[in-house]
Enquirer: 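Before I ask anything, let me first share the structure, which is written out below as structure tokens.
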Amino acid sequence: MTRSFLELSQLTTRFGDTLALDNVSLNVTQGEVVCLIGPSGCGKSTLLRSVNWLQPPDAGSVWLDNRPVGQIPETGGKRAHWRNPDLARQRAKMGMVFQNFNVWPHLSVLENIVRAQMVVLKRPRAEAETRARALLDEVGLGDRADYWPDDLSGGQKQRVAIARSLAMDPVLMLLDEPTSALDPELVSDVLGVLKTLAQRGMTMLIVTHELGFAAQVADRIVFMESGRIVEMGPPADLLEAPTTDRLRRFLDQLSTLNPFADAPHAPSAVATGA
Amino acid sequence: MKFDISYTFDALPRLIEGAAVTLQVTLIGFLLSVTLATVLTVARTIWPWKPFLVVLGIYVSFIRGTPMLVQIFLIFYVLPVVGIDIGPMTAGILALTLNSCAFVLEILRGGLASVPKGQTEAAESLGLPVLTQWRKVILPQVFIVSIPPLVNEFTMVLKSTPLLATITVVELMRVSQQIFSRNYHPVEVLTGAFVLYFLMCFAVSRGSVLLERRLHVRRA
């Protein structure tokens, strides 16, 4: 049986009494950019965090590149995963970018990008530094290599975090609301970097509230609510002609709160649909 | 009776020898305690096995809830009874280590709580092995925020070393006693010891301020 490049199958996650993920399956092909949208608490971040087993689900499995990322052990028990060397190897193939950047404050910008390359990929320091500097150039921070993260703006920290992930030569990027913690004027720098990545054919899974951005970069948008995938499809279909009431309501709320002038879902279109 | 400072100066060479022993037991005891507490902190986080946590909790509350002098005597007198024969020096260092470790554990617990979970998640998602996550990402941050309380704990250990005089460790306090029990000038001799204790503590806390300032400048 051939598997999809990324295959999430029947993921279920409970937080106490809440079902954060309710039997969710999703396949992603190589080079595809998928944006996850939905109201807060809908499970989109949980889904993203399941992909690299940062939040191991209670049931289900994740396969990347024909190898399991994590599987629930027969004996149960979530804890057993921490010494699984296969998991670390699979994780290194996936770059993860967090809402709060999670750049390491005790290391310089350059060291942030160099460390994992040396430890996980066994690259010699010189090679790791060359790669780090090249990536910093790409994200527009070539002159910040020797800065401390605390001296950077949020947008710059996030671009350092992106460079840190890219240094591992990932085949998949996971982005968890990468611009939600940024001041509005810094958002475009980060989105610009992500667009370039998408154009180069990087497979990406992005949790985002930036519908305008999603419309531009996504091959497919997935709308989630209450731990389930409610609707998915190409941005044009999904945003302009939502088939479910729930998505229509969600888009309506968003456009009232935060109208995108260039977004394909003009309030009028939504109103007609309703 | 008047204060004759020449007794202080006469005693000084021996007092300094005693101070060297004080510094030695403090350093060894403190380093062992920080090492042990670090290992226990990592262990209880990645392996939160209930009985282990309970035993740790009991240990910490026993240490914090009993006088240190009693702990020192207990280790000094009880270990030979159960067949472990160690000299007063080793027993003294062991007592300092076990006592201080309980407090360092609490300091590191606080430091660990100040490191956001995302820091570890970033390391985890890059595929760093668990122990590397601790060595390169978590512990450096824990120790940076813990410098002030750790330095304070170091001076607490230093100031508790006179208790070791009671089990015949020849440190600064015991040397002082030996000297003034011969020359009957306790005030002059103890003044010397007083000043030496102060200088040691003062040097350490000054040093830590400079260290902190450097780390601060580095991280702005």
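Chain naming here is simple, since letters A, B, ... match the order of the sequence lines and numbering starts at 1 in each.
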Enquirer: Is it true that a side-chain atom of A/Asn102 and a backbone atom of B/Gly118 form a donor plus acceptor pair closer than 3.5 Å?
Expert: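 Yes: the side chain of A/Asn102 pairs with the backbone of B/Gly118.
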Enquirer: Given 3.5 Å as the limit, does a donor-acceptor pair link the side chain of B/Glu124 with the main chain of A/Leu54, or not?
Expert: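 Answer holds: no.
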Enquirer: Under the 3.5 angstrom rule, does the side chain of A/His106 hit a backbone N or O of B/Lys136 as a donor-acceptor pair?
Expert: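 A pair under 3.5 Å: yes.
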Enquirer: Does B/Glu121 reach the side chain of A/Arg49, with side-chain heavy atoms less than 4.5 Å apart?
Expert: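 The answer is yes; the side chains approach within 4.5 Å.
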Enquirer: Which region of A/Met94, side chain (C-beta onward) or backbone (N, CA, C, O), has a non-hydrogen atom less than 4.5 Å from a non-hydrogen atom of chain B, or is it both or neither?
Expert: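 Contact with chain B: backbone only.
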Enquirer: Find out whether A/Pro105 and B/Gln141 are in side-chain contact, i.e. whether some heavy atom of one side chain is under 4.5 Å from a heavy atom of the other.
Expert: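 With C-beta onward as the side chain, the pair touches.
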Enquirer: Between chain B and each of A/Val97, A/Val120, A/Asn52, A/Leu174, count heavy-atom pairs under 4.5 Å; write down the option with the most.
Expert: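 Most heavy-atom pairs within the cutoff with chain B belong to A/Val120.
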Enquirer: Atom CZ of residue position B/Phe202 - does it have more than 12 heavy atoms of other residues, nucleotides or ligands inside 6.0 Å?
Expert: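 For B/Phe202, atom CZ is not crowded (no more than 12 foreign heavy atoms under 6.0 Å).
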Enquirer: Kindly check if the number of other-residue, nucleotide or ligand heavy atoms within 6.0 Å of CE (B/Met89) is above 12?
Expert: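 Yes - once you tally the heavy atoms of other residues, nucleotides and ligands closer than 6.0 Å, there are more than 12.
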Enquirer: Less than 4.5 Å apart, any side-chain heavy atom of A/Arg164 and any of B/Leu126?
Expert: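 A side-chain contact exists here, since the closest heavy-atom pair is under 4.5 Å.
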Enquirer: Answer yes or no: is there a side-chain heavy-atom contact under 4.5 Å between A/Phe98 and B/Ser125?
Expert: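 In contact.
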